[in-house]
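Naming convention: chains lettered A, B, ... in sequence-line order (proteins, then strands); numbering from 1 in each chain. Everything quoted here is computed from the prediction, not taken from an experiment.
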There are 4 protein chains.
Amino acid sequence: MRKKEGNKEVAILDSAIKVFAEYGYHKSKIYKIAELANVATGSVYVYYDDKEAILRKIFDQLWDRLYLQLKSVHENEHLTSIEKIDALIDILFDIFLENSALALVFVNEQFQLIQKAPEKFTDSYNKFLDLGEHIVQEGIDTKLFNPKIDVKIIRSFIFGGLRHLLHQWAHEPALYPLHTIRQNVKFITKNGLLK
Amino acid sequence: MRKKEGNKEVAILDSAIKVFAEYGYHKSKIYKIAELANVATGSVYVYYDDKEAILRKIFDQLWDRLYLQLKSVHENEHLTSIEKIDALIDILFDIFLENSALALVFVNEQFQLIQKAPEKFTDSYNKFLDLGEHIVQEGIDTKLFNPKIDVKIIRSFIFGGLRHLLHQWAHEPALYPLHTIRQNVKFITKNGLLK
Amino acid sequence: MRKKEGNKEVAILDSAIKVFAEYGYHKSKIYKIAELANVATGSVYVYYDDKEAILRKIFDQLWDRLYLQLKSVHENEHLTSIEKIDALIDILFDIFLENSALALVFVNEQFQLIQKAPEKFTDSYNKFLDLGEHIVQEGIDTKLFNPKIDVKIIRSFIFGGLRHLLHQWAHEPALYPLHTIRQNVKFITKNGLLK
Amino acid sequence: MRKKEGNKEVAILDSAIKVFAEYGYHKSKIYKIAELANVATGSVYVYYDDKEAILRKIFDQLWDRLYLQLKSVHENEHLTSIEKIDALIDILFDIFLENSALALVFVNEQFQLIQKAPEKFTDSYNKFLDLGEHIVQEGIDTKLFNPKIDVKIIRSFIFGGLRHLLHQWAHEPALYPLHTIRQNVKFITKNGLLK
DNA sequence: GATGAATGAGTGTTCATTCAT
DNA sequence: TATGAATGAACACTCATTCAT
């Protein structure tokens with residue numbers, strides 16, 4: 001009996017990220033993904049129900065990782081709210097620095113997927129956002145951040161700003177060193193949040 | 001939508017915005033657009049070369065309008081840099097307040113389109129961004145804004161933040177009144193830019 | 001504007017009968033049907049929703065014709081029950097004599113189709129059977145036929161016998177002249193029904 | 001169905017009959033058959049060359065049994081031709097009474113299979129038909145049956161009638177008790193054959 | 001210009017069959 | 001024998017685009 005190596009499942013996912021990044025979800029062909037993963041077309045369907053399931057899995061994994069990292073930051077009692085916001089930004093930058101194709105997929109496809117069936121979207125995503133919101137609220141409560149701001153709106157604003165920058169960077173990494181982007185984001189964010 | 005006698009071209013474009021907003025570009029069918037515009041499928045091709053040309057036209061018009069408005073703001077010598085940034089934000093909010101379907105299309109499809117062939121993307125878009133950048137630079141030069149910031153990065157950050165907020169609003173207008181979003185954005189932006 | 005010629009719809013149906021007869025429904029390919037009808041594959045879907053709709057249409061037309069003919073026979077008051085049974089047999093033989101491919105499709109595919117969703121099967125089929133049953137009952141009531149027989153069972157028996165013979169004939173027309181088959185069927189049927 | 005230890009071959013065949021009966025041959029999946037037989041998909045191919053071989057085996061066994069029974073009837077010198085015809089009908093009814101799924105498979109799939117390669121179809125089938133024909137001929141020779149009838153045609157007619165009734169019964173056993181069907185068939189058959 | 005019937009290239013998915021273990 | 005992961009050929013159906021009228 002042949003055993004599932006488990007490698008194929010991962011290989012398919014990695015290939016999918018690359019193919020989705022290059023062509024966009026809709027123009028990505030299953031046979032391209034299979035080809036790049038060195039498996040047969042049909043094998044894709046051994047591990048994933050359909051094309052969308054692959055995309056969904058990509059985001060599941062992504063947000064699981066991001067949430068766990070942010071959670072560990074948040075549970076560190078030695079950090080101020082400011083330092084936690086700093087860490088949040090670092091977490092996002094680091095994961096995409098590691099895999100720029102993933103950044104492209106994230107920016108280009110998450111909206112469409114989440115819009116289709118928000119309730120089916122990975123729970124870690126909402127947990128991540130909630131935690132981010134919580135951190136901002138903590139900053140307000142501890143008089144570090146300006147009470148005038150609406151946490152949900154600011155959360156979205158920062159998130160969107162980061163998303164856009166990461167997209168540009170993923171698309172043209174040479175244009176700006178990531179650390180410069182990072183510094184600027186931290187600067188504007190903090191100075192905007194501090195009283 | 002009622003057929004606009006003698007102006008099928010506009011009717012098609014308006015219908016396309018609605019259909020693209022509802023289904024996303026890739027899942028939008030030409031016959032749906034034609035139907036909503038009360039014209040025959042074939043008529044779409046009388047006015048537009050292909051499906052992508054419709055999308056391109058939507059962005060052309062959008063950025064033309066935005067650029068012209070920002071230009072007029074910028075040419076007003078009575079405004080400070082801060083007031084110009086305020087006006088920039090207002091311009092963006094107002095146009096999407098007027099047409100939320102357009103906001104959705106903008107947020108969901110611009111990336112994909114611009115990525116495909118950046119050089120073919122409407123020139124007004126770049127002009128708009130350059131002008132925004134210019135305004136920020138002016139603020140730095142006049143000692144209003146912090147010189148530490150990189151104008152291009154900050155420009156993208158704010159732009160992305162706005163984009164994301166508009167998307168959320170377009171998708172669920174009831175969640176937040178646009179004016180609250182607007183206030184918050186202005187607040188964080190200004191406090192982040194000012195020394 | 002191109003006008004639907006109406007010929008294509010018929011051409012596709014005729015081709016489908018031939019292709020279904022030769023390969024069986026499941027092994028028949030849409031492109032084969034289109035090819036034989038001298039139309040493009042896509043044109044098949046201009047006229048029919050899907051593959052099954054073609055098969056369904058074939059039976060709709062078949063049973064509509066058969067029912068109308070039997071109805072006209074039944075309404076002829078000069079005929080005895082025996083003569084009506086004779087006519088019923090003739091009707092079936094004649095229609096398949098005219099189109100032997102249709103006979104094959106009928107024999108091979110009707111069961112599967114009717115089994116899938118009996119309630120969606122053409123109404124004319126049930127009307128035809130009911131009328132056949134009615135004629136037999138009339139024969140019993142007028143003391144021509146044996147009262148011991150159960151009309152529904154006998155109806156099915158004769159129907160199945162005819163079906164099988166027609167199938168054999170359609171498959172190997174040379175084996176038996178249709179008129180010999182017809183005579184024998186009439187003979188056994190009548191002698192079985194008469195007291 | 002419970003796994004029959006040491007007799008996977010039989011378990012697969014029994015499962016196949018049920019699955020073919022429920023879904024029809026073409027829509028039956030090998031993995032469904034394997035699942036029902038409590039064996040792995042691959043095991044099916046240990047015992048059968050391919051999907052069609054399973055169907056072929058079902059008919060082989062069926063006709064072997066039927067032929068052997070009819071042969072034994074025919075060799076009984078105490079029976080008249082009429083009694084032999086009676087017995088023939090009983091044989092058919094009894095085997096399907098015992099296994100109604102088999103009846104469905106027989107009715108739905110035999111045509112397609114036999115049509116594809118008549119020469120490869122089980123020999124017992126032809127032997128059975130020939131013996132049936134022989135019995136009718138005997139009846140004619142012994143002046144019991146009407147000499148006008150063509151034995152081959154009548155054989156097919158009766159066979160088809162039975163087939164159709166069995167199909168209806170297998171599909172809706174509650175509609176008619178099998179013994180009523182049996183009586184009616186015997187009645188019409190005999191009265192049609194006797195002078 | 002306007003129409004909508006006609007086109008046919010293109011692809012996600014299925015599933016019978018194979019084969020390494 | 002037995003397994004079930006892996007395969008890849010096959011196909012129904014879609015829909016952007018064309019073009020005869």
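- Separating the CD atom of C/Glu35 from the P atom of F/dC11 is a distance of 13 Å, rounded to the nearest angstrom.
- By the 30° and 60° cut-offs, the orientation of the rings of C/His167 relative to D/Phe111 is tilted.
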Give me, pair by pair, the N or O atoms of the protein and of nucleotides 8-10 of chain E that are less than 3.5 Å apart, along with how far apart they are.
{"from": "E/dG8", "atom 1": "N7", "to": "C/Gly42", "atom 2": "N", "distance (Å)": "3.0"}

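- For the pair C/Val44 and A/His26, both in contact range of DNA chain E, the more 5′-proximal nearest nucleotide belongs to C/Val44.
- If you measure from atom CG of C/Asp49 to atom P of F/dT14, you get 9 Å, rounded to the nearest angstrom.
- The shortest non-hydrogen separation linking C/Ser100 to C/Ala170 is O-CB, 3.7 Å.
- Taking a pair as Watson-Crick or G-U wobble with both distances under 3.5 Å, DNA chain E forms stems of 3 or more consecutive pairs at E:2-21 with F:2-21.
- Near DNA chain E, meaning a heavy atom under 4.0 Å away, there are no residues from residues 13-23 of chain C.
- Judged by closest nucleotide on DNA chain F, C/Ser28 is the one of C/Ser28 and B/Ser28 placed further toward the 5' end.
- Salt-bridge annotation for C/Lys18 and C/Glu22: absent, with no side-chain N of the basic residue lying under 4.0 Å from a carboxylate O of the acidic one.
- Judged by a 6.0 Å distance limit and a 45° cone about the ring axis, C/Lys51 is positioned over the six-membered ring of C/Tyr25.
- In the set E/dG12, F/dA16, F/dA2, F/dA16 carries the atom at the smallest distance from any side-chain atom of B/Lys51.
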(request) Run the numbers on B/Ile54 and B/Ile30 for side-chain contact (heavy atoms from CB on, under 4.5 Å), then give the verdict. (result) CA-CA 10 Å; B/Ile54 307 175; B/Ile30 294 290; 4.3 Å; yes
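- Here the side chain of B/Ser15 pairs a donor or acceptor atom with the backbone of B/Ala11 at under 3.5 angstrom.
- Put simply, CG on B/Asn7 is 14 Å from C1' on E/dG1, counting in whole angstrom units.
- Checked by atom type and distance alone, the side chain of B/Glu9 never pairs as donor or acceptor with a backbone atom of B/Tyr47 at under 3.5 Å.
- When distances are taken from the side chain of D/Ile30 to each of E/dA6, F/dA12, E/dT17, the shortest belongs to E/dT17.
- A/Asn108 is not listed as a side-chain neighbour of A/Phe20, based on a closest heavy-atom distance of 4.5 Å or more.
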(request) Verify salt bridge (Lys or Arg N to Asp or Glu O under 4.0 Å) between A/Glu52 and A/Lys116, making sure each step is shown before the conclusion. (result) CA-CA 11 Å; A/Glu52 194 182 301; A/Lys116 185 186 256 178; 2.5 Å; yes
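- Distance, D/Tyr45 OH to F/dA6 C1': 14 Å, rounded to whole Å.
- Rounded to a whole Å, the CD1 atom of D/Ile54 is 12 Å from the C1' atom of E/dT17.
- Taking each heavy atom of D/Ile12 and D/Val39 in turn, the nearest pair found is CG1-CG2, 4.1 Å.
- Distance OH (A/Tyr25) to P (E/dT11): 14 Å, rounded to an integer number of Å.
- A/Tyr48 comes within 4.0 angstrom of nothing in the nucleic acid, heavy atoms only.
- Residues C/Phe59 and C/Tyr125 keep their aromatic ring centres 6.0 Å or farther apart.
- Rounded to an integer number of Å, the gap from OH of A/Tyr31 to P of F/dT7 is 18 Å.
- Here F/dC13 presents its C1' atom at 19 Å from NZ of C/Lys32, a figure rounded to the nearest Å.
- In this structure, C/Ser28 contributes its side chain and C/Tyr23 its backbone to no donor-acceptor pair below 3.5 Å.
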